[in-house]
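Input: a single structure, listed below in structure tokens.
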Amino acid sequence: MFKFFRKKQPPTPAPETKTPPAPPAVPDAGGWGRHVEQEPPKPAASELPPGEARVAPQTVEIPAAPPAQPPSGTPVSAPPPATQASASEPASTTPAPAVSAPSVAPAASTAGAASAPTPAPAAPPAALPPAAPPAADPPARASTEPPSFAPPAAPAPAAVPASPPAASAVPALPTAPTVRPTPTAPVTTPAPAATPTPVVGGKPRQRPGPPPTRAKFEASAPAVAAQEAATAAKTSWLTRLRSGLAKTGQSFTQLFVNVKVDEDLFEELETALIMSDAGVDAADKLLTALRARVRKERIEDGNRVKEVLRELLTEHLAPLERAFDLDRASPVVVMIAGVNGAGKTTSIGKLARHFQNEGKQVLLAAGDTFRAAAREQLVQWGERNSVAVIAQADGGDPAAVAFDAVHAGRARNMGVVMVDTAGRLPTQLHLMAELQKIRRVIAKADADAPHEVLLVVDGNTGQNALAQIKAFDDAIGLTGLVVTKLDGTAKGGILAAVASGANGVRPVPVYWIGVGEEVEDLQPFVAAEFAGALLGGSGNG
Ligand SMILES: Nc1nc2c(ncn2[C@@H]2O[C@H](COP(=O)(O)OP(=O)(O)OP(=O)(O)O)[C@@H](O)[C@H]2O)c(=O)[nH]1
């Protein structure tokens, strides 16, 4: 199904009702290409009049798909759909006809046609009839919601268009052809959360308090095996973390080789800290404390100085370490923001897996309605993890998507709802206002939400990350950070700068750090591990 979704359609006759000129086809329909910074395809939500007359394409649910497609032509014997939808949504979604494979594939065609918001996409359909504006009156969306639940369509587009969602007046997501011969078997999405098969550890997190540990990323198994697996995973993670931060680590390591402990060493350490993006404030603070310890303990051994520095750095970073509480609400609504290409969507995909491993059911909201590839990317992650995705066609209103997703998440007793948003620079004020609107609208669906507002920061951006954190924090009140790409040219010291509140930044907790593109490359931030890796030492497990 997803293959079909991804299939790029020639930008031609697809959605007839869609007024806006279909943007040119995106050269990179694979969905993984980094997109260029661009203007939004529509007036930012914030710019719309209060009654916002844009017709939001109807929100649809792109159900979780089974990882492997059945061989085409093979009738899929309907595994009694324990799907999310069936579990939580009553009759309407599960019904017999079984065949309906709407939203998804069509989304492909829609996406295909409209999936080219590359340069400066067209304005939204001005002429289309107004639809329930989420901002003005979000609750109204609920009525239009019943996101059609679609069993994954077979890849090959065939002739049988399935019944489309509700509103056909809206360009919405068309229907999905399906190949299946027998209408009996809803090739149903293997209910993700309900059936914690491959991915899931199954047991809810017993979290209160303790610092994050790696063990949780291991699937549950017999105790011993799980323990071993956890140990192996941890070792592997530390190795990756160290290798990600190797550049900085080496520069510190060299300083301590056969070194005489004197003022020259402190000066070199100060330079190394500043070069690592730790900033002057953090460097001063750390070295002042280090000098004091060296004096007090009469340390003359370079390795011991390094150990002490690691302890001090750990203490310095500790306030940023915080366990992510998955049990505080149901669902925990997580809004994710960041500049373009920071790694938001990828991180959401990884986190979805991690949360599943914690025994939580996850629902994703494709709130990046600006870049078609972003939605496809999210759907792909959803497919991998058997997680449903709430989406709209291109040009949809991200706030509406967020609203619908939170609403659906509550109705279905999801554990976590993660809302992706389009990348934006803090200087794009109208887009920052749009982000604020998304946050407000989420709160209309659930007064306590979003429970977490995370900023994804590319670790390679160095000191510029501080400006990003401050701007996003001012705009939407961050509750946490995800720092990605620490495996690249990142120097890692930026976290020390955050911890020291450099440049007026609030020391926002760092929930996760990423050192690669694989799921296991995103792990909870643990101050001691990070300090060890940054200094090129053996890190503290
Ligand atoms: N090396 C490395 N690459 C990463 C990491 N996290 C994300 N990426 C890659 O960064 C690229 C951009 O990631 P996305 O998730 O698309 O970023 P985004 O913030 O959603 O992008 P926009 O939607 O354009 O704003 C992708 O190629 C990811 O695979 C990481 O920790 N390390």
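Indexing begins at 1, ligand by ligand and atom by atom, following the structure's order. This structure is a prediction, so every number in the text was calculated from the model and none was measured.
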Within less than 4.0 angstrom of ligand 1, does [X] place any heavy atom?
X    : value
V456 : no
G338 : no
D487 : yes

Residue pair [X] / [Y]: nearest heavy atoms and the distance that separates them:
X    : Y    : result
G279 : I274 : O-CG1, 4.1 Å
R310 : A531 : O-CB, 3.9 Å
A402 : V419 : CB-CG1, 3.7 Å
P319 : H316 : CD-O, 3.2 Å

[X] N/O under 3.5 Å from ligand 1 N/O:
X    : result
A422 : no
T484 : no
S347 : no
G516 : yes
G343 : yes

First locate atom CD1 of I476, then atom OG1 of T421, and finally report the distance between them rounded to the nearest 0.5 Å. 7.0 Å

Taken to the nearest 0.5 Å, the spacing of Q436 CD from D474 CG works out to 10.0 Å

Check this for me, if you would: do [X] and [Y] make a salt bridge, where the nitrogen-to-carboxylate-oxygen distance has to be below 4.0 angstrom?
X    : Y    : value
R328 : E452 : yes
D397 : K437 : yes
R240 : E520 : no

Numbering as shown, the atoms of ligand 1 that approach [X] to under 4.0 Å (heavy-atom distance):
X    : answer
G514 : 31 (O)
G423 : 25 (O)
N340 : 25 (O)
V515 : 31 (O)

Heavy atom to atom 22 (P) of ligand 1, shortest distance: which of A374, A342, G341 holds it? G341

Determine, considering heavy atoms only, which of Q377, R240, K344, R375 sits nearest to atom 16 (O) of ligand 1. Q377

The answer for which part of D368 has a heavy atom under 4.0 Å from ligand 1 is side chain

Should the pair F355 and F324 be assigned to parallel (<30°), tilted (30 to 60°) or perpendicular (>60°) ring geometry? parallel

